[in-house]
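Below: one structure, written as structure tokens.
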Amino acid sequence: MARQSFLVDNFYYNILNQLNTKTASLSQAQQAHARILKTGYSNNTHLNTKLLSFYANHLCFSDATVVLDSIPEPDVFSFSILISACSKFDHFNRAIRLLRRMLSHGLLPDDFVFPSMLKACAGLSALRTGRQVHSLASVTGFASDYFVQSSLVHMYVKCGQIKDAYEVFVRMTHKNVVSWSAIIAGYARLGYINKAKELFNEMRCSGVEPNLVSWNGLISGLHHSGLSSESVTVLQEMHFQGFKPDGTSISSVLSAVGDLKTLDMGLQTHGYVTKQGLGSDKCVVSALLDMYGKCGCTLEMMLAFDEMAQMDLGSCNALIAGLARNCLVEDALRMFRQFKDQGIELNVVSWTSVISCCTQNGKDIEALKLFREMQVAGVEPNSVTIPCLLPACANIAALMHGKAAHCFSHRRGISDDVYVGSALIDMYAKCGKIGDAQHCFDMMPTTNLVCWNAIVGGYSMHGKAKEAFKLFHLMQRSGQKPDFISFTCVLSACSQNGLIEEGWNFFNSMTREHGIEVRMEHYACMVNLLSRVGRLEEAYAMIKEMPSEPDACVWGALLSSCRVFGNVSLGEAASDKLFKLEPSNPGNYVLLSNIYAAQGMWSEVDRVRDMMKRMGLRKNPGCSWIEVKHKVHTLLAGDKSHPQMNQIIERLGRVSMGMKKLGYLPNTKFVLQDVEEQDKEEILCGHSEKLAVVLGLLNTPPGSPLRVIKNLRICGDCHVVIKFISSFEGREIFVRDTNRFHHFKDGVCSCGDYW
DNA sequence: TTAGGGTTAG
């Protein structure tokens, strides 16, 4: 008996020794686990607790869950070990799932579980769950616990609910430097600089001296709220007060300096980093690269990267982002591949950076390929990756890929994220599925400005002005103030629908009622609106009164309508400006040429062609064909015995010959047949600039009937087409290029295989 | 096993 007891004790201590968190390896722990199961010790509370703790602190959450599952009646302590580890290592969703499980066992959290739970809610910005945890803490009497209160302040701050945070804070009977720092950082993070500074002084008056963390909280808070120059000032003040900036202070400030693009200060800070020996701090180095990248100093950035003492993933990511930021797309992709080939374990930030780089530079297919590669590499996309990927789906109308990303977000529990939700709304709207966009919006538990703008913009894109206005007003009633983007959306809806009165109301209320400065895009919408209804002179007057020099969008809007309404003189005026602003854009020349063609001014058409030749631009024969065909349409609709008819048909023949040489299909006969049977009209063109012409054909004045186009086959810039889907309601549209095929019918898009 | 500050992706 005594011998057996000795063996048991020996076994027990051996196992405990094997589970010593500091010295044991994972395989040792797994061996110990196997021995426990084999020898029937799986009911031993002490051993199970040790195992749980080991697995949880080594991030082996699935093994830890197996242990928890094996405990017949797990107690609060078992749960709290796992929950606190999940919180500590940022596995916040898992922590919340565990709390729910714990509650289902009839167990209530204690003063150890509550802070971990609140940290998880803070990390996820999960306000609703955070409030539930707060209620539970009140009911169970833990809401007055010192640690719980500090965690509550932090949770509300991270969820952007500063009033709730302050309410908890003022009720705290014992405020220490931790709670003070949390509330100060909170106010600073939300941009309340005066309140943050006031609280900072109040803390000192109450006898609590700020520490380095308090200062750093203020600095980073100000930077995050966009008050970068204030954050630099606070750093200087902190230095003056005798606090030596550490790596944390410098990382924040370097990021702020980058935003301010104050290279001088960046160089000085770099000097401080070297002098203080902070160059081995990984965050500081990443921030340094980021600063150089933001200041456009890619060479200095590369140099700083090469000088790095130790290879660091964060710095690799900062380098990729810096190259991408400076439009060095190929370099960014090359570095990414190089890091991968070197065996550096790229993380979600690396993959997201490079995907975002592709999406923002027109490499949509590449972005989708990288996303797939990322998943094959076993890197889990997150709530930042999805909003970076979705624009690629939207740009090429890859609805199936978009839907897959939606399902993925749903499975991973990130579809509630405001950025994911907004990107989904935008993707569905651009793929012609406004109903699905609305559904996504309706399903969002919390909405912010970005979500509202996405849905208002979606309806606007679809030409559904009434719905766009309704949501715009609903947004304001819900307490969300509109910004300049919201106004661009509603003004765009007005311009698409020729709603002059509403357009002026929105335009005038922007500054008067909302204090929002009118930007170039708002003027472009108004000029577009006025010109599309034929008020070309008014549009021109507005352009002349603009406070800043109009850009190509503004002049382009006028020129397009000049073509529609056949206004030669204004068209020439707009073209003159556009030729200076965009000398290499063939679309502008084509539009002017169209205006001349519509008037039978063929010598002028030739003059434009010569201009293009001189600029080295090739006018695609497809444009000429459309241009002439348009003229034939117009004439046949009116007087078939028009005196210019022969001239036009002759020209059409010449154009057709030119097209034939280049492998284009139509000939005179075909076109004339086509004119007689307008329902069978088919337009073929090659590149995106021609697409503008095709769309221009459809861009008839509001109120006039749109010509019916049954089949529209376009090769090129699909994104532009998708924006116009609403105009094609009830029609079939084919969008093709060498890699893919899209078919739109009744606003529904189906795509062919990509690769 | 519990609370506050940092860089790189939107």
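All values reported here derive from a predicted model rather than from experimental measurement. By convention in this document, chain letters (A, B, ...) are assigned in the order of the sequence lines, proteins followed by strands, and residues within each chain are numbered from 1.
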Nucleotide nearest [X] when distance is taken to its side chain, options [options]:
X        : options              : answer
A:Thr352 : B:dG6, B:dT7, B:dA9  : B:dA9
A:Ala318 : B:dG10, B:dT8, B:dG4 : B:dT8
A:Asn216 : B:dG5, B:dG6, B:dT7  : B:dG5
A:His154 : B:dA9, B:dG5, B:dT1  : B:dG5
A:Ser252 : B:dA3, B:dT1, B:dG6  : B:dG6
A:Thr248 : B:dG6, B:dA3, B:dT2  : B:dG6
A:Val349 : B:dG4, B:dG10, B:dT8 : B:dT8
A:Asp290 : B:dT8, B:dG6, B:dA3  : B:dT8

Have a look at [X] and say if it touches a base, only the backbone sugar-phosphate, or nothing, with a 4.0 Å heavy-atom cut-off.
X        : value
A:Ala321 : sugar-phosphate
A:Asp145 : nothing
A:Ser350 : nothing
A:Asp312 : nothing
A:Val177 : base
A:Ser315 : nothing
A:Asn382 : base
A:Val420 : nothing
A:Asp246 : base
A:Phe114 : nothing

Between the side-chain atoms of [X] and the base atoms of [N], is any donor-acceptor pair under 3.5 Å?
X        : N     : result
A:Ser80  : B:dT1 : yes
A:Ser251 : B:dG6 : yes
A:Asn211 : B:dG4 : yes

Quick one: [X] [atom1] to [N] [atom2], roughly how many Å, whole number?
X        : N     : atom1 : atom2 : value
A:Lys244 : B:dG6 : NZ    : C1'   : 17 Å
A:Tyr146 : B:dA3 : OH    : C1'   : 8 Å
A:Glu345 : B:dT8 : CD    : P     : 22 Å
A:Asn57  : B:dT2 : CG    : P     : 9 Å
A:Asp259 : B:dT7 : CG    : C1'   : 12 Å
A:Phe142 : B:dT1 : CZ    : C1'   : 14 Å
A:Gln149 : B:dT2 : CD    : P     : 19 Å
A:His91  : B:dT1 : NE2   : C1'   : 16 Å

message: Between B:dT2 and A:Phe147, is there a base-stacking contact, meaning the centre of the base's six-membered ring lies under 5.5 Å from the residue's ring centre while the planes stay under 30° apart?
response: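 The base of B:dT2 is stacked with A:Phe147 (centres under 5.5 Å, planes under 30°).
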Evaluate the ring planes of [X] and [Y], with Trp represented by its six-membered ring, and classify them as parallel (under 30°), tilted (30 to 60°) or perpendicular (over 60°).
X        : Y        : value
A:Trp180 : A:Phe169 : perpendicular
A:His406 : A:His410 : perpendicular
A:His91  : A:Phe61  : tilted
A:Phe441 : A:Trp452 : perpendicular
A:Tyr166 : A:Tyr187 : perpendicular

Could you tell me whether the phosphate oxygens of [N], OP1 or OP2, come under 4.0 Å of any side-chain nitrogen or oxygen in [X]?
X        : N      : value
A:Ser150 : B:dT2  : no
A:Lys294 : B:dT8  : yes
A:His224 : B:dT7  : yes
A:Arg189 : B:dG6  : yes
A:Ser220 : B:dG6  : yes
A:Arg325 : B:dA9  : yes
A:Ser356 : B:dG10 : yes
A:Lys119 : B:dT1  : no

task: Could you walk me through whether A:Arg412 and A:Asp417 pass the salt bridge (Lys or Arg N to Asp or Glu O under 4.0 Å) test, one step at a time?
output: CA-CA 11 Å; A:Arg412 293 291 184 276; A:Asp417 179 276; over 6 Å; no
- request: Report yes or no: do A:Ser116 and A:Ser84 form a side-chain donor-acceptor pair below 3.5 Å?
  value: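 Looking only at side-chain atoms, A:Ser84 and A:Ser116 do not form any donor-acceptor pair under 3.5 Å.
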task: Kindly say whether the aromatic ring centers of A:Phe371 and A:Trp351 come within a distance under 6.0 Å.
output: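 Not close enough - the centres of the two rings lie 6.0 Å or further apart.
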